[in-house]
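Order of appearance sets the numbers: ligands from 1, and atoms from 1 within every ligand.
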Amino acid sequence: MRRKIIAGNWKMNKNLSESINLISGIKNGLPQNVSAEVIVCPPFTSLETVHSLIEEVPVHLGAQNMYFENSGAFTGEISADMLKSVGCEFVILGHSERRHIFGETDEIVNKKIKQAVSNGLKPIFCVGETLEERENGKEFDVIENQITSGLAEISGDDFNKIVIAYEPVWAIGTGKTASPGQAQEIHKFIRELISKLYSQIQAENVRILYGGSVKPNNAADLLSQPDIDGALVGGACLQAESFLQIIEAAG
Ligand code: PGA
């Protein structure tokens, strides 16, 4: 049985006081025996404070990005060690906004994944096709390429630390969700690919999240698909109430 993950990607939202408000709301409304693994990914400037506020609750901390070098003259970048030092367990890597707005290639994403796992961080490794790619029937090729390149030279042991997130670019922040069937088809494909790249057992164990306009009113349908093991939530995680409703939809 794969435990479901509900992860909130706050993106470039919430200053420090707004972050305190949001995490307090999540904390206060968290069901007692929450069954999902809950992860929040605030901006860098709020990580330490949010960490101090979740110490006694079953909420885990993630960052939204990091650089692949250990330290040095990389103005504006953040290292894996820095993230660990403020309590991060997870880091989102290869998000489509990083790929498309900031020009991250598969090769960069691969270097970041290697750096994260070798420093004890668990990557939430994002993949997804654009609308044009889907319209040209290329979604499976694109996903296969992103997964194979992103995981190049990642050992089986290190792979066990990775969570995969399928986020069709055309569904992110657009209000257009992939139908549960469309999402399930890709998740199943990813799981089969993992069994070829690693092993059947690792394919059965890896958690594959869906992301792209997940809301309280569509979460349960998506999460009931056999190969959807959770959600990476953007817009709907910026308010405690809607994030909590999605956590509840996970069971
Ligand atoms: P969205 O974002 O829920 O606002 O579509 C999801 C994501 O980008 O992780």
Side-chain angles (χ1 to χ4, degrees), residues 4-14 18-19 22 26 36-44 46-47 50 59-66 88-104 109 112-113 116 121-131 133-134 139 142-143 146-147 150 162-180 182-183 186-187 190 207-223 225 228-250:
K4 291 222 172 6
I5 291 179
I6 302 297
N9 174 8
W10 298 13
K11 307 195 179 181
M12 197 174 76
N13 295 293
K14 308 293 176 187
E18 291 163 346
S19 296
L22 178 54
I26 294 170
E37 189 169 348
V38 178
I39 306 170
V40 291
C41 304
F44 292 133
S46 298
L47 286 171
V50 169
V59 175
H60 303 262
L61 191 66
Q64 299 172 21
N65 183 29
M66 51 154 252
C88 286
E89 258 178 86
F90 292 88
V91 59
I92 298 172
L93 295 175
H95 190 277
S96 75
E97 285 148 19
R98 298 299 319 171
R99 292 177 188 264
H100 296 113
I101 306 173
F102 301 100
E104 282 189 16
V109 176
K112 290 185 173 189
I113 294 178
L121 282 170
K122 301 176 204 163
I124 300 175
F125 167 35
C126 304
V127 296
E129 81 286 0
T130 62
L131 184 58
E133 288 160 345
R134 178 165 280 261
E139 63 272 33
V142 169
I143 303 292
Q146 289 175 342
I147 298 254
I162 297 175
V163 172
I164 296 173
Y166 168 58
E167 299 203 304
V169 180
W170 48 272
I172 297 180
T174 57
K176 285 186 207 148
T177 325
S179 69
Q182 277 174 323
I186 301 279
H187 282 235
I190 294 174
R207 278 152 329 152
I208 308 173
L209 316 184
Y210 170 78
S213 297
V214 176
K215 307 286 175 205
N217 64 6
N218 60 23
D221 277 353
L222 287 159
L223 293 169
Q225 297 296 311
I228 301 187
D229 307 312
L232 181 53
V233 185
C237 81
L238 297 176
Q239 273 166 356
E241 203 184 316
S242 45
F243 190 54
L244 288 163
Q245 283 168 2
I246 296 171
I247 293 170
E248 276 179 39

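In summary, of the residues considered (I143, I190, I124), a side chain to side chain contact (heavy atoms under 4.5 Å, CB included) with I164 occurs for I190 alone. Partner of I6 under the side chain to side chain contact (heavy atoms under 4.5 Å, CB included) criterion, chosen from L209, L223, L244: L223.
The minimum heavy-atom distance linking Q225 with P180 is given by the pair NE2-CB, 3.4 Å. Minimum interatomic distance between A116 and V91 (heavy atoms only, all atoms of both residues): CB-CG1, 3.9 Å.
Within the 4.0 Å heavy-atom criterion, the part of N9 lying near ligand 1 is the side chain and not the backbone. The proximity of S96 to ligand 1, defined as any non-hydrogen pair under 4.0 Å, does not occur for either the backbone or the side chain.
The aromatic rings of H187 and Y166 sit perpendicular to each other, their planes meeting at more than 60°, with 30° as the lower class boundary.
The 12-atom threshold is exceeded at CD of E18, counting heavy atoms of other residues, nucleotides or ligands nearer than 6.0 Å.
Taking every non-hydrogen atom of S213 and a distance limit under 4.0 Å, the qualifying atoms of ligand 1 come out as 1 (P), 3 (O), 5 (O). Near A171, meaning under 4.0 Å from one of its heavy atoms, ligand 1 places the atoms 5 (O). Ligand-side atoms of ligand 1 in range of H95: 7 (C), 8 (O), 9 (O), range being under 4.0 angstrom from any heavy atom. Annotation for ligand 1: atoms under 4.0 Å from non-hydrogen atoms of G212 are 5 (O). Near G173, meaning under 4.0 Å from one of its heavy atoms, ligand 1 places the atoms 1 (P), 4 (O), 5 (O).
A donor-acceptor contact shorter than 3.5 Å links the side chain of Q64 to the backbone of K11.
In terms of protein heavy-atom proximity, atom 9 (O) of ligand 1 is closest to E167 OE2, 2.7 Å. Among protein heavy atoms, the minimum distance from atom 4 (O) of ligand 1 is reached at G235 N, 2.8 Å. Looking only at heavy atoms of the protein, atom 2 (O) of ligand 1 is closest to K11 NZ, 3.2 Å. Among all protein heavy atoms, the one lying closest to atom 3 (O) of ligand 1 is G234 N, 2.9 Å.
A distance of 12.0 Å separates SG of C88 from NZ of K122, quoted to the nearest 0.5 Å.
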